[in-house]
Each structure stands twice: as C-alpha cells, then as structure tokens.
**Student:** 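My questions will all concern the structure given below.
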Amino acid sequence: MGSCSPQLPLICLSDQTLKPGSSKWVKVRSDVRKALEDYGCFEAKIDQVSMELQGSVLKAMQELFALPTEAKQRNVCPKPFAGYFSHNGLSESFGIKDANILEKAHEFTQQLWPEGNKSIKMIQLYAEKLAELDMMVRRLILESYGIEYFIDEHLNSTYYRMRLMKYIARPDNDITAAVGANVDNGANDNADGDANVNDDGASIGVKVNVDVGDDVNDNDSVNIGVGVDINVETNVNGDLDAEANGDATAWVVGAVSGNASVGAKEANVDAELGLPSHTDKSLSGIIYQHQIDGLEVKTKEGKWIRVKPAPNTVIVIAGDALCALMNGRIPSPYHRVRVTERKKTRYAAALFSYPKEGYIIDSPKELVDEKHPRAFKPFDFVDLFNFYHTEAGRRAPSTLQAFCGVSAGK
Ligand SMILES: O=C(O)CCC(=O)C(=O)O
Ligand SMILES: [Fe+2]
C-alpha cells in the first residue's frame with residue numbers, strides 16, 4: 001500500500017512460518033478475512049511452488065499452445081467450454097478437471113498428447129501445490145468466522161479445475177468490438193449488491209447481446225463476447241469512465257453469448273480485453289501471472305486495480321459460489337484481463353475450486369444475523385451453472401442474485 005496506484009493487499013502465506021495455531025496464523029487469518037471482505041481478493045506471497053516448477057509449467061504451456069488447432073480442440077469436456085476455446089482472437093485457454101490428481105490429469109494428456117508427454121507431471125504437481133495453498137486459505141476463511149466444525153465438510157465437498165491461458169495484445173488498428181444485435185437497457189449489480197453505477201451521476205446500461213455459433217475459434221475478428229456475458233454500462237457523466245461488467249460463464253460452463261459495449265472509449269477497452277470483466281463462478285481461484293501483467297480487479301468503489309506480476313506471488317480470488325456460501329460477506333470481485341504490451345505473450349495459470357454436483361450450498365447459520373440477514377437461498381451449484389445458460393441467466397445483472405438471491409423475490 002501507499003504507492004500512487006492502488007494495490008491489492010499483500011499477505012505472506014509462505015509455508016515456512018505459517019503453522020496452524022501459531023500467532024502468525026492468527027494474524028494472517030484476520031488479514032485474509034479483511035482482504036476478502038474488502039476486495040474479494042488479495043495477493044499472496046508464497047514459497048510452495050519453486051521457481052523451477054514455475055519455469056517448467058511455463059514451458060509446458062508454451063508447448064501446449066504451440067500445438068496445431070486440431071490438436072488443441074481435442075481438449076473437450078462434457079461441460080461446454082470447460083475445455084479448449086479461444087476468445088476474440090486475443091486469448092485461448094485449456095481446461096483440466098482434477099488437474100491436481102495425477103490419474104485424472106492423464107485424461108488431458110491422452111487428449112492432447114496421445115503418444116505421452118512428461119509435461120503433465122509438472123502441471124499436476126503445480127496444481128497439487130496450488131490446491132494445498134487454496135485449502136489452507138479456505139481453512140483460514142472458515143476459522144476466521146468461527147466455523148471450524150464446517151471445514152472438513154466444506155473441503156470434502158469441492159473439486160478443482162485448472163485453466164491454462166495465453167493472451168496477446170490487440171494489434172493496432174484491429175477493430176473487434178461492438179458487433180451485435182439485441183440491444184436493450186439494463187443496470188448492473190455485482191454479486192455483493194454493489195451497483196455498478198457511478199454515485200455521482202446517472203448511468204444508462206446498454207447491453208448488446210452477441211450470439212455466435214459453437215464454432216468459435218476460427219474467426220478472430222468477430223468473436224467479441226464469445227464465452228462471456230459482458231454487461232456494459234456507459235456513463236453519461238462525461239468522465240468516460242465506462243464499466244464493463246459481466247460473467248465469464250464459458251470459462252466454466254460455456255455460454256456462447258455476450259453483451260458487448262457500444263460507445264467510444266469503452267468499445268476500445270472492450271476490444272483490448274483478452275478476458276472481459278466477469279466474476280468467477282467458482283468458490284475460490286488462485287491465479288499465477290507469468291511475468292506479463294494484464295489482470296485488473298475492480299474495487300467496491302469502481303476503480304480498476306492492475307495487478308503487477310511478482311515472483312512467487314499469486315492472486316487469491318473469491319467466486320460467486322463462495323460469496324453465496326459466506327452469505328454475501330465475501331464479495332466475488334469483477335475482474336478482467338487486458339494485455340497492453342504489444343509483441344509480448346502473456347501466460348497465466350489458474351486453479352479454481354468448485355462445489356461437487358449434488359452438494360447444496362447453504363450459508364452456515366453462524367454467518368447469518370441481524371446485520372447479515374440470509375442473502376441467498378440454498379442451491380446446487382449445477383443448477384446455478386445451468387441457469388447461466390438460460391436467457392434469463394445471461395441477461396441478469398447478477399446471475400447469482402437472480403438465481404438464488406433472497407431479495408430477488410422469486
Ligand atoms: O488470466 C488471468 O489473469 C485471469 C483469468 C480469469 O479471470 C479466469 O480464468 O476466470
Ligand atoms: Fe476470472
């Protein structure tokens with residue numbers, strides 16, 4: 001903190017000194033809770049993943065993305081878009097379910113490298129380390145609210161999915177944004193009910209929904225919104241501080257639609273987005289940016305924080321499922337990826353935790369009190385996923401709120 005540009009809180013989660021029950025653990029626990037309540041995310045300094053392993057994963061990613069498109073497209077998953085796909089010609093990604101478990105991760109090897117490849121071992125080891133870290137964070141969170149009894153049940157009700165991502169900056173003079181139809185008006189709320197309208201002026205929400213077909217990878221120039229729902233507001237205050245809000249449903253489930261922006265500057269920003277503004281649907285996510293920055297996280301005040309990559313530092317980010325589980329006390333922040341360095345390729349890896357199918361997400365009673373009335377009805381995450389695919393789910397300013405918000409009046 002204290003530098004001129006805003007930054008996320010930085011918390012040291014290094015293994016060496018952080019032992020459950022120690023005074024450091026207790027301090028870190030309250031820091032984690034505060035950071036998540038304030039920002040829905042934080043930067044974590046870690047030593048669980050060696051530089052050597054980070055380098056090996058980067059090499060594996062470079063190798064993977066260099067494969068021919070037909071090979072990459074073999075990374076399919078029963079859930080649409082949970083496998084390989086590309087967005088807007090600016091990013092592409094692979095999905096690996098249960099990447100932290102070697103036997104399961106081998107399915108990915110079989111899809112991509114039927115003749116076998118040693119890289120998967122590195123990716124799996126990396127996912128395993130990040131999963132350990134993630135479980136520690138979720139343990140710290142639940143302890144910080146005094147619900148230790150719930151830790152085992154919670155951790156056993158989840159699984160992991162890894163995304164490996166490659167981004168490039170938009171080439172100059174490339175016009176990619178603002179294609180579409182279905183214009184309608186709408187105002188946006190993010191998951192914690194914090195309306196994304198500037199306090200000091202009126203806003204008009206303008207949504208342009210772009211629906212494209214299943215074959216999303218071939219046409220780089222018109223794929224705005226593929227796999228994402230972007231709800232964009234154009235602010236009429238004259239400060240041109242446009243908001244682009246949405247959910248990258250398809251990063252997890254694959255809605256093939258988007259709401260692209262209209263307007264000058266915001267169309268420009270949109271066109272630069274390797275990943276449009278969204279909240280994650282997961283419980284938690286751990287993101288590692290390999291050297292090149294691009295990730296931007298939106299604060300409750302509506303400011304974008306650009307997160308600089310630093311060695312041995314990851315971003316811990318809360319998703320909608322955690323927001324719901326924690327009775328809205330931890331928001332799932334909007335974030336986006338904008339690569340501005342031309343001629344540089346950005347690689348990022350993220351490990352997400354999700355509730356298992358059939359598990360009912362219901363805030364523990366300790367999180368509900370007069371100051372925090374129950375915000376969400378209990379739900380199965382799969383039903384939330386399915387709701388994202390519906391017209392109503394895609395159009396909702398906050399899918400989580402529309403699906404199970406108590407105030408949604410459903
Ligand atoms: O590439 C990144 O830094 C973030 C990726 C992300 O937000 C996502 O996959 O949901
Ligand atoms: Fe995300």
Side-chain angles (χ1 to χ4, degrees), residues 8 39-44 54 57-58 61 64-65 75 77 79 81-88 90-97 99 126-127 130 134 160-169 190-191 225-230 244-255 258 272-298 304-310 313-323 330-341 344-354 385 388 399-400:
L8 292 177
Y39 294 89
C41 73
F42 62 89
E43 281 189 85
Q54 288 169 35
V57 170
L58 178 60
M61 281 200 270
L64 269 168
F65 286 108
N75 173 217
C77 176
K79 284 198 167 68
F81 285 87
Y84 173 80
F85 74 96
S86 74
H87 166 71
N88 206 15
L90 299 182
S91 68
E92 42 180 332
S93 72
F94 291 102
I96 315 176
K97 185 164 188 258
Y126 183 70
L130 293 184
D134 169 75
Y160 288 102
R161 184 183 290 280
M162 173 155 252
R163 288 216 75 82
L164 303 175
M165 294 159 283
K166 176 188 166 187
Y167 301 81
I168 53 163
N190 66 14
V226 171
V228 291
D229 292 344
I230 319 161
N245 309 314
D247 48 80
T249 308
W251 290 88
V252 218
V253 281
E272 282 181 356
L273 295 177
L275 188 53
S277 177
H278 64 283
T279 60
D280 290 340
K281 306 308 162 221
S282 49
L283 284 153
S284 52
I286 303 216
I287 303 170
Y288 186 80
Q289 312 193 82
H290 283 273
Q291 295 153 15
I292 310 293
D293 56 351
L295 180 65
E296 298 178 341
V297 180
K298 197 177 181 193
W304 286 102
I305 296 180
R306 195 163 170 88
V307 191
K308 293 267 172 239
T313 304
V314 291
I315 297 108
V316 176
I317 189 160
D320 288 351
L322 189 67
C323 174
I330 292 180
S332 49
Y334 278 95
H335 56 287
R336 65 189 185 188
V337 178
R338 198 163 59 92
V339 175
T340 50
E341 282 196 69
K344 293 244 168 96
T345 305
R346 173 180 185 266
Y347 292 94
L351 187 74
F352 297 103
S353 69
Y354 294 99
F385 254 33
Y388 291 139
T399 321
L400 181 65

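Whatever order the structure lists ligands and atoms in, that order sets their numbers, starting from 1.
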**Student:** For ligand 1, which atoms sit closer than 4.0 Å to a heavy atom of Ala348?
**Tutor:**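 So the atoms of ligand 1 that pass are 1 (O).
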**Student:** Could you check whether His87 and Phe85 have their ring centres less than 6.0 Å apart?
**Tutor:**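 Distance test on ring centres: not under 6.0 Å, no.
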**Student:** Among all residues two or more places apart in sequence or in another chain, which pass the side chain to side chain donor-acceptor pair (under 3.5 Å) test with Thr340?
**Tutor:**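 Partners of Thr340 by the side chain to side chain donor-acceptor pair (under 3.5 Å) criterion, ordered by chain and then number, come out as Arg306.
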**Student:** Restricting to N/O/S, name the atom of Asp280 that gets closest to the Fe ion (ligand 2).
**Tutor:**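 Among the N, O or S atoms of Asp280, the one closest to the Fe ion (ligand 2) is OD1.
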**Student:** Is any N or O atom of Asp280, backbone or side chain, closer than 3.5 Å to an N or O atom of ligand 1?
**Tutor:**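 Indeed, backbone or side chain, Asp280 has an N or O that close.
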**Student:** Taking the side chain as every heavy atom from C-beta outward, state whether Arg336 and Trp304 have any atom pair closer than 4.5 Å.
**Tutor:**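 Yes, close enough: below the 4.5 Å cut-off.
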**Student:** Report yes if some heavy atom in the side chain of Arg346 is under 4.5 Å from a heavy atom in the side chain of His290; otherwise report no.
**Tutor:**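 Counting from C-beta outward, Arg346 and His290 never come under 4.5 Å.
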**Student:** Near Val337, which atoms of ligand 1 are under 4.0 Å from a heavy atom of that residue?
**Tutor:**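 Every atom of ligand 1 under 4.0 Å from some heavy atom of Val337: 1 (O), 2 (C), 3 (O), 4 (C).
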**Student:** Quick one: the NE2 of His335, the Fe ion (ligand 2), NE2 of His278 angle, rounded to 10°, please.
**Tutor:**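 It comes to 90°.
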**Student:** Below the 3.5 angstrom mark, is there an N/O of His335, backbone or side chain, next to an N/O of ligand 1?
**Tutor:**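 The answer is yes, given that His335 and ligand 1 share an N or O pair closer than 3.5 Å.
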**Student:** Is His278 near ligand 1, meaning one of its heavy atoms is under 4.0 Å from it?
**Tutor:**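 In this structure, His278 qualifies as a contact of ligand 1 - some heavy atom is under 4.0 Å.
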**Student:** Would you mind reporting whether Leu273 and Asn88 have side-chain heavy atoms less than 4.5 Å apart?
**Tutor:**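 No - every pair of side-chain heavy atoms lies 4.5 Å or more apart.
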**Student:** Hey, looking at atom 8 (C) of ligand 1, which of Thr279, Leu275, Val307 has the closest heavy atom?
**Tutor:**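 Heavy atom nearest to atom 8 (C) of ligand 1 belongs to Leu275.
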**Student:** Which residue in the set Ile317, Leu295, Ile305 passes side chain to side chain contact (heavy atoms under 4.5 Å, CB included) when paired with Leu8?
**Tutor:**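 Among the candidates, only Ile305 passes.
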